[in-house]
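All chains are named by letter (A, B, ...) in the order of the sequence lines, taking the proteins before the strands, and each is independently numbered beginning at 1.
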Amino acid sequence: MRCVYSAIFQRCLLSQRRLTIIRDSIMSIPAYNEIIEENDQTEARLASLNALRELVGNTYPNKFVRSNVSGGEDTITDVKAFGPVAEIVDEIAAVVATLAERERPPAEIKDALNERLRAFGTVRIAGRLTTPPRGNFVHLTDGISKLQVYCDKKGGAALIRNDGKDTLDPENGWNAWKLLDHGDFIGVEGYLFITNTGELSVHIEKLQFLAKAMLPMPDKMHGIADAEIRQRQRYYDLIGSSLQVEHEGLTTREVFEVRAKTISSLRRFLEDNGYVEVETPMLTPKATGAAAKPFKTHHNALDIDLYARIAPELYLKRLVVGGFEKVYELNRNFRNEGISYKHNPEFTMLEFYCAYMDVNGMMDFCEELMRQSVLKATGGFVVNYEGNQVDFSKFERVTMKDAVARYAPQVAVDDTNIVAAFDEHVEHNLIQPTFIIDYPKSISPLSKASPENPEIAERFELFINGMEVANGFSELNDPKEQYERFVDQMSERERGDEEAMVLDEDYIRALSYGMPPAAGIGIGIDRLVMLLTNKHSIRDVILFPHMRPEKKDGEKDGGDAGEAS
RNA sequence: GGUCCGAUAGCUCAGUCGGUAGAGCAAGUGGCUUUUAACCACUGGGUCGCAGGUUCGAGUCCUGCUCGGAUCACCA
């Protein structure tokens, strides 16, 4: 291959340097069949694609317009959920429930229900084939639900040709049906009916081919079991979860539906309470606002180093200074640290700040916020997490000192060892929602000290199932004291603590204009979603978690340097 | 980074003491055509993660590596 390209380019009399650049870039582009492996499965699919092209012209048409029987665009889920249709399905289900194993519902009942279904007229629905289409029946999925469609061999389903004018071919509906593969997309037009087994189906009058699946579908009973494939090829995992016949717990799709509901209900609750959503920089000149190692990059035009933000905290408080009394941001933070079942390099954090509120008010508000979003996302307050019943209707508040005394009474604590003792003995025991309060001031450089005890910060962390889910405090608003706390952090840094907080001079200037008393909080959204979906790993609640890049088969570390030239 | 576990057909998984590579689904051919993971018969499909080693003989035993998972340390 390489010699062929070389010969061509040399004949073109390109300069040697240009030749090298072009040749190398071409050689680095993988061939199509290196990306899509050829095997008996793909060969069969290619053959059926070619045969379908004969019948329909274009095998990748541009659109399919769905009907509006359900009151909006008829997705499969919406048609099945549409009240009058669901009612008929319930009626036949009640009849079927009274029948013996192989017994069929009485014809007169079925016919009467089918007459009612015919009154809805023509429906046009589309989806992916969930099984190979042997026989007359196949289920289509819209990614969430399945609906059965029926193609009658003799009844003469027509085929819609995709040649630009949607011409109708009255002969070939059945022939195209026979060429469909597991995973293909089709659109069908027809009428709703109930089968002999009482299942809602669409009787196809017109069939339109919409798109081909060139790769085989996952196992319909087990989906994708390999965690690596699930995470690298989330699309394949999602397909598998939509095709799967039986499953325990939530499907992958359902996990991300819960995630979406959680986030939208958090937003709604904050907005209902007067909070304004803002967006602050993701690329920041200083990585501060939290204790963590940052990702570093460079801006060429400005010729400055920038850091992916580790927290939006200091920007949000600048906005409190500026008069946003209630402000929130719900977005990604980036931390250049280890990957684990509860750590991803980028993770989603909800941070919000409320002027004139203190740490206790913030805990009250946080409780209500969590309760509401858990209810909206899961339908209840009690969540089963890995065998523990986590009850979001009750939140306990315990001082760090009392917590250590409760779980490790044998340990004598003082200011120097209390955090270590807490981490070692207490954290993993905090299953039910628990606010740990009274943190040492020394590890809380942005928190206001307690009026009662100057060594204690007005700060809490919320623990659920042994995981830190939220962190909040009364915000330190004395610019001079904040400056001194930063200075202490910088000397920690000089002593080798890479994660000690960085001084932000502009933030000191902002505070100097005056910030009202305020409380703030950060809530780890991924971890909250883990709890609500009973997932052990953060990678199961992030669509595309970070992984080491894939290495192709046979690819060696030295690239192609060893090949003959 | 340490420790432990895993990688076998497109997918899900068996593979005993080291002795010719297996099943279900998926695919192909034929039958059937109101089925519920449709069914019946037949057929094709493998670099057993990669590289070495031991052995007459390695999916199996040993070493190294790659990738993944769990866990510990750090972190939210």
query = CG of A/L129 versus C1' of B/U35: gap in Å, rounded?
reply = 14 Å
request  = Could you work out the separation of B/U34 and B/A70 based on their C1' atoms and round it to a whole Å?
outcome  = 49 Å
query = Is A/G240 touching bases, backbone alone, or none of the nucleic acid, heavy atoms closer than 4.0 Å?
reply = nothing
query = Nearest-Å distance, CD1 (A/I436) to P (B/A76)?
reply = 16 Å
query = Strictly by modelled atom types, are A/R459 and A/N471 linked by a side-chain donor-acceptor pair under 3.5 Å?
reply = yes
inquiry  = Using a strict heavy-atom distance below 4.0 Å, which residues from residues 91-99 of chain A are in contact with RNA chain B?
reply    = none
inquiry  = Quick one about A/K110 and A/N196 (side-chain donor to acceptor, distance below 3.5 Å, no hydrogens or angles considered), yes or no?
reply    = yes
request  = Have a look at A/D226 and say if it touches a base, only the backbone sugar-phosphate, or nothing, with a 4.0 Å heavy-atom cut-off.
outcome  = sugar-phosphate
request  = Using a 4.0 Å heavy-atom cut-off across all strands, classify A/A291 as base, sugar-phosphate, or nothing.
outcome  = sugar-phosphate
request  = Give one of base, sugar-phosphate or nothing for A/M349, where a contact means two heavy atoms less than 4.0 Å apart.
outcome  = nothing
ask   = Would you say the side chains of A/E461 and A/Y439 form a donor-acceptor pair under 3.5 Å?
value = yes
request  = Examine B/G30: is either OP1 or OP2 under 4.0 Å from a nitrogen or oxygen in the side chain of A/K178? Give yes or no.
outcome  = no
message = At 4.0 Å (heavy atoms only), tell me whether A/K293 reaches a base, stays on the sugar-phosphate, or touches nothing.
response = nothing
Near-parallel close stack of A/Y341 and B/A70 base (under 5.5 Å, under 30°) = no
query = With distance as the sole criterion, is a donor-acceptor pair present between the side chains of A/N172 and A/N175 under 3.5 Å?
reply = yes
task = Considering non-hydrogen atoms only, spot the tightest contact between A/E492 and A/A500 and give its length.
result = CB-CB, 3.7 Å
task = Answer with base, sugar-phosphate or nothing: what part of the nucleic acid does A/N336 contact at a heavy-atom distance below 4.0 Å?
result = nothing
task = Using a heavy-atom cut-off of under 4.0 Å over every strand shown, decide if A/G524 touches base, sugar-phosphate, or nothing.
result = nothing
message = Between the base of B/G10 and the side chain of A/D219, is one N or O donor paired with an acceptor at under 3.5 angstrom?
response = no
inquiry  = What is the distance, to the nearest angstrom, from the NE2 atom on A/H536 to the C1' atom on B/G68?
reply    = 15 Å
ask   = Between atom CD in A/E499 and atom C1' in B/A73, what is the gap in whole Å?
value = 12 Å
ask   = Which sits closer to the 5' end of RNA chain B, A/Q231 or A/R527, going by the nucleotide each is nearest to?
value = A/Q231
task = Could you tell me whether A/N136 contacts a base, only the sugar-phosphate backbone, or nothing, with contacts defined as non-hydrogen atoms closer than 4.0 Å?
result = base
request  = Treating a pair as Watson-Crick (purine N1 to pyrimidine N3 plus N6-O4 or O6-N4) or G-U wobble (N1-O2 and O6-N3) with both distances under 3.5 Å, list the stems of 3 or more consecutive pairs that involve RNA chain B.
outcome  = B:1-7 with B:66-72, B:10-13 with B:22-25, B:27-31 with B:39-43, B:49-53 with B:61-65
query = For A/Q148, which contact category applies under a 4.0 Å heavy-atom criterion: base, sugar-phosphate, or nothing?
reply = base
task = Select base, sugar-phosphate, or nothing to describe what A/E461 touches, counting heavy atoms under 4.0 Å on all strands.
result = nothing
query = With a non-hydrogen cut-off below 4.0 angstrom, is A/S340 in contact with a base, only sugar-phosphate, or nothing?
reply = nothing
request  = Please work out if A/R45 contacts a base, only the sugar-phosphate, or nothing of the nucleic acid, heavy-atom cut-off 4.0 Å.
outcome  = nothing
remark   = To the nearest angstrom, the NE2-C1' distance between A/H182 and B/A26 comes to 8 Å
request  = Would you indicate what A/A44 reaches in the nucleic acid, counting non-hydrogen atoms under 4.0 angstrom: base, sugar-phosphate, or nothing?
outcome  = sugar-phosphate
key: hbond_proxy A/Q41 side chain to B/A26 base (donor-acceptor, 3.5 Å cutoff)   = yes
remark   = When rounded to whole Å, the CG to C1' distance for the pair A/D497 and B/C74 reads 11 Å
